[in-house]
Amino acid sequence: MFSERLKTLRKLRGMSLDKLADALNNKYDTNISKSMLSRWENGADPQMSYVRIIADYFNIEPDDIINPISSKEEIKIQKSVNDKIAVVDERQTFIDNTNDLMKQLNDFRLEKVYNYTENQYNEQNKVLKMPVKSEVELYGAVSAGTGEYLLDNTPEVVPYEGVVPEHDYAVIVNGVSMRPLFEDKQIIFVKKTFEARSGQVVIAYYDNQAYVKKYVNDEKGARFVSLNKSYDDMPIDETHETQIIGVVVL
């Protein structure tokens, strides 16, 4: 039966209705929609021209996709295939749903998802990344504590072991107020900007000293927040001179 064969072939390829429609339209310059495929899978009869296109796409004869299953052996084979398809279909649905969500993420969050996914893949396949040794230009220290002063255009070249992300400048953390995100003496990388979204980790001048803090702006007001709760929030108001000068690359 055409409807059963079409659904089986689609799921064996791990394709959603949308993806199959796009593939057919791109290859054969047709105008097949997701709803047309859905109707065919639910029992509607397509024109023979569409049957030939679908058969050609799956590299089978048209007769093989429209003839009903007759023998007991074919029925047994079809049941086995359907059992495997159920697993494939569940996985593909999960992948499709994940991709749909990822398309709605901003670039910052999308990069975090990619990095996490790559790490999961490497762990699964036991891919060991050898430490990358390089040098970075360090523009002074930022406080995860009581305040520091950044160097003024006089970077110090220091050795660094690890992957260096795209950045505008690097600084070293002094203090523990941003634990567990950053450790004392950790080198962090920064993109220059004078604006930030609430929730981003920033480099900021606060009363003429440089800090690394989480910027928060909500119903309680704007402030710089330490992740280590032993440290008080730093309010952003008219009594303090403040300026965001970068967002930390996470």
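Note that the structure is predicted; figures quoted are calculated from it, not measured.
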Judged by modelled atom types alone, do Ser230 and Asn228 share a side-chain donor-acceptor pair under 3.5 Å?
-> yes
Give a yes-or-no answer on whether the side chains of Thr239 and Asp237 include a donor-acceptor pair shorter than 3.5 Å.
-> yes
Kindly say whether [Y] contributes a backbone atom to a donor-acceptor pair with the side chain of [X] at under 3.5 angstrom?
{"X": "Glu183", "Y": "Arg179", "result": "no"}
{"X": "Asp168", "Y": "Lys192", "result": "yes"}
{"X": "Asn25", "Y": "Ile32", "result": "yes"}

When clusters are formed from ILVMFWY side-chain contacts under 4.5 Å, directly or step by step, what else is grouped with Leu105?
-> Met102, Leu110, Val113
Report all side-chain donor-acceptor pairs from residues 194-202 shorter than 3.5 Å, counting only partners two or more places apart or in another chain.
unit_1 : atom_1 : unit_2 : atom_2 : d
Ser198 : OG     : Asn217 : N      : 2.9
Gln200 : OE1    : Arg197 : N      : 2.8

At what distance, to the nearest 0.5 angstrom, does CD of Glu241 lie from CD of Gln209?
-> 12.0 Å
So CD1 of Ile172 and CD of Gln186: to nearest 0.5 Å the spacing works out to 9.5 Å
With a 6.0 Å cut-off on ring centres, are Tyr160 and Phe189 close enough?
-> yes
Taking the six-membered ring of Tyr206, is NZ or CZ of Lys213 closer than 6.0 Å to its centre and within 45° of its axis?
-> no
Locate the shortest heavy-atom distance separating Trp40 from Ser3; write the atom from each residue and the value.
-> O-CB, 3.1 Å
Inspect the contact between Arg223 and Asp218 and indicate whether a charged nitrogen and a carboxylate oxygen are less than 4.0 angstrom apart.
-> yes
So Tyr57 and Tyr28, would you call those rings parallel, tilted or perpendicular, with 30° and 60° as cut-offs?
-> perpendicular
Tell me, with the steps shown, if Arg52 and Asp56 meet side chain to side chain contact (heavy atoms under 4.5 Å, CB included).
-> CA-CA 6 Å; Arg52 294 191 186 95; Asp56 183 76; over 6 Å; no
